[in-house]
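Below is one structure, written out as structure tokens, with a few remarks after it.
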Amino acid sequence: MNYIIMDLEWNNTYCKKKKGFMNEIIEVGAVKLSSDLKVVDTFSVFIKAQLGKKLHARVKELTNITNDDISTGTPFSQAMAKFRKWVGNEENIILTWGDTDIRVMIENFRYFNGISFIPFLSNYVNLQKYAQAFMNISKAEQIGLAAAAEKLGLSPERYTLHRALDDSRLTADLFKRIFNKQMLDSYTLVCDTSFYSKITFKPKAIVDINSPLIDKSKMKCLCDVCGASCERISDWRLTNQSFRAIFLCKKCKRKIRFTIRFKEYYDRIDIKSSSVPFIEKKEIKNIVAVESSGNSSEEQE
Ligand SMILES: [Zn+2]
């Protein structure tokens, strides 16, 4: 059993055939660890750019990769054949920091090789997700590689960051510090068809109010003062991918602006709603007029 820690560098470039932007891989780096976490071998290759012949200034600055490097590199298909051979036939788990690299690699395989899977990927761990759980960092925070390394007492400045092999080395050293076989098992995903459907699914807000995915029973507003069910007194309007309407609490004679957003994920619909007191524009003007005509009562107290 080997652990393959992989990192990619890519260049976001316009693709005529796709009529849109795509992340073209320009470098692959990897470290192979044995089951007792010893470095067995390392891998590094520049990929010859076929879509974006020129690197973004930001990529050049970040990575120190030159236009020369990517024009003399190995074409994607050949580089991947080489990498596959290096990965070998032994059972393995591939680990990356965050799952973006895997999504980018699937996109490149689809574009350059015409297949929608990664031939050498059978087990996968999103190491960022694992590390956050191991280090008790909330999911909302999304810690970067360098910050996580620092927290674990590593010195990220000793590695050339944003280069594929050095990032892999740093990730491998970090992995050794937080290794727990049992916990890792629970974060290991078998790369079957549902893995690919899930990882390539793009979450999107539901903007059609008649969509069957919308749970209409959630489009109700309760008064935040008395808890009564409010009556909708305006049409639903779509703003910022959310539905919005004005509600009235008959008991409190209060108007409430209620906003709700439905977002579709691979296996769930995420619902977020909020309500704020609704003040009409002419009422706001009146309040401002009253406030500016009198002294603040807080000052007098
Ligand atoms: Zn009320």
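What you see is a predicted model; the values in this text were computed from it and never measured. In listed order, ligands and their atoms are each counted from 1.
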Could you give me a count of protein N/O/S atoms that are under 2.8 Å from the Zn ion (ligand 1)? 4

Exercise: do Thr66 and Asp68 side chains pair donor with acceptor under 3.5 Å: no

Do the charged groups of Arg169 and Asp166 touch, with an N to O distance under 4.0 Å? yes

Without hydrogens or angle criteria, can the side chains of Asp173 and Tyr159 be said to hold a donor-acceptor pair below 3.5 Å? yes

Ser34: which residues meet the side chain to side chain donor-acceptor pair (under 3.5 Å) condition with it, sequence neighbours left out? Asp36

Working for side-chain contact (heavy atoms from CB on, under 4.5 Å), residues Val39 and Val31: CA-CA 7 Å; Val39 177; Val31 174; 4.1 Å; yes

Is it true that Asn113 and Ser77 share a donor-acceptor pair across their side chains at a distance under 3.5 Å? yes

